[in-house]
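Both counts, for ligands and for their atoms, begin at 1 and track the order of listing. Predicted model only: the values in this text are computed from it and were never measured.
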Amino acid sequence: MATKVAIIYYSMTGTIDTMARRLAATAEEQGAEVRLLAVGREDAAGAEGSTDRPQEPTADDMEWADVVLFGSPSRYGNVAGRLKVFIDSLGGLWAKGLLANKVYAGFTASQTLHGGQEAVLLSLYTTIHHFGGIVVTPGYTDGSKFVDGNPYGVGHVTGGGNDAPVDDVTNGALDHMVTRAISVSRKLTA
Ligand SMILES: Cc1cc2nc3c(=O)[nH]c(=O)nc-3n(C[C@H](O)[C@H](O)[C@H](O)COP(=O)(O)O)c2cc1C
């Protein structure tokens with residue numbers, strides 16, 4: 001059976017949205033079934049006039065997924081409030097144990113190099129520990145991790161104009177992270 005991957009994110013200016021779409025494309029190439037889901041329609045990237053704006057995530061998407069990849073920009077070094085509101089709405093599923101035993105990982109972006117990427121990911125993973133989720137970080141399990149340098153997940157620096165494009169280094173790190181998450185999930189569900 002195909003691995004079910006939910007990519008759930010918030011993006012205001014499009015960086016996390018671009019990263020999420022790369023994860024989705026790579027997961028689909030590997031035969032996964034993918035749901036691309038974005039919170040915060042009102043002010044988020046692509047909200048105005050977009051024909052391919054992803055759906056808002058629901059609790060059903062969380063229950064459905066084998067792998068959940070959460071994406072959030074750094075907001076003063078923390079998870080964006082709109083994504084947190086969605087996560088905080090999952091108490092019913094949590095109480096039934098339905099968030100446990102899935103594979104989780106995270107991706108982020110910040111304007112500056114030390115803009116809180118590791119803090120965002122570690123903060124997200126605190127919540128995953130409370131779910132009983134299985135955090136599958138990239139670590140340094142591939143040579144590419146010595147290039148992008150983030151063992152906690154994937155992070156992109158958007159730079160002074162907040163518009164540095166998602167480049168080959170970030171795309172390589174995204175491909176590695178989603179490939180590893182799917183591979184671990186397949187072993188768990190075998
Ligand atoms: C309220 C707010 C707080 C932010 N805090 C930080 C920060 O502490 N450090 C940083 O480098 N960037 C910070 N940023 C910049 C965002 O992280 C950056 O624009 C974002 O990663 C781009 O992602 P997006 O294009 O998907 O929205 C902040 C942006 C906003 C709006």
(request) Measure from the ring center of Phe146 to the ring center of Tyr140 and say whether it is less than 6.0 Å. (result) yes
(request) Verify, without hydrogens or angle tests, whether Asp61 (side chain) and Thr58 (backbone) share a donor-acceptor contact under 3.5 angstrom. (result) yes
(message) We want to know whether Asn162 and Thr13 form a side-chain donor-acceptor pair, criterion being a heavy-atom distance below 3.5 angstrom.
(response) yes
(request) Could you pull out every protein residue that has a heavy atom closer than 4.0 Å to ligand 1, ordered by chain and then number? (result) Ser11, Met12, Thr13, Gly14, Thr15, Ile16, Pro73, Ser74, Arg75, Tyr76, Gly77, Ala109, Ser110, Gln111, Thr112, Gly115, Asn162
(message) Which residue in the set Leu174, Thr170, Ile7, Asp17 passes side chain to side chain contact (heavy atoms under 4.5 Å, CB included) when paired with Arg22?
(response) Leu174
(request) Please determine, by modelled atom types, if Ser110 and Gln117 share a side-chain donor-acceptor pair under 3.5 angstrom. (result) yes
(message) Nearest 0.5 angstrom please: Leu99 CG to Leu93 CG, how far?
(response) 5.0 Å
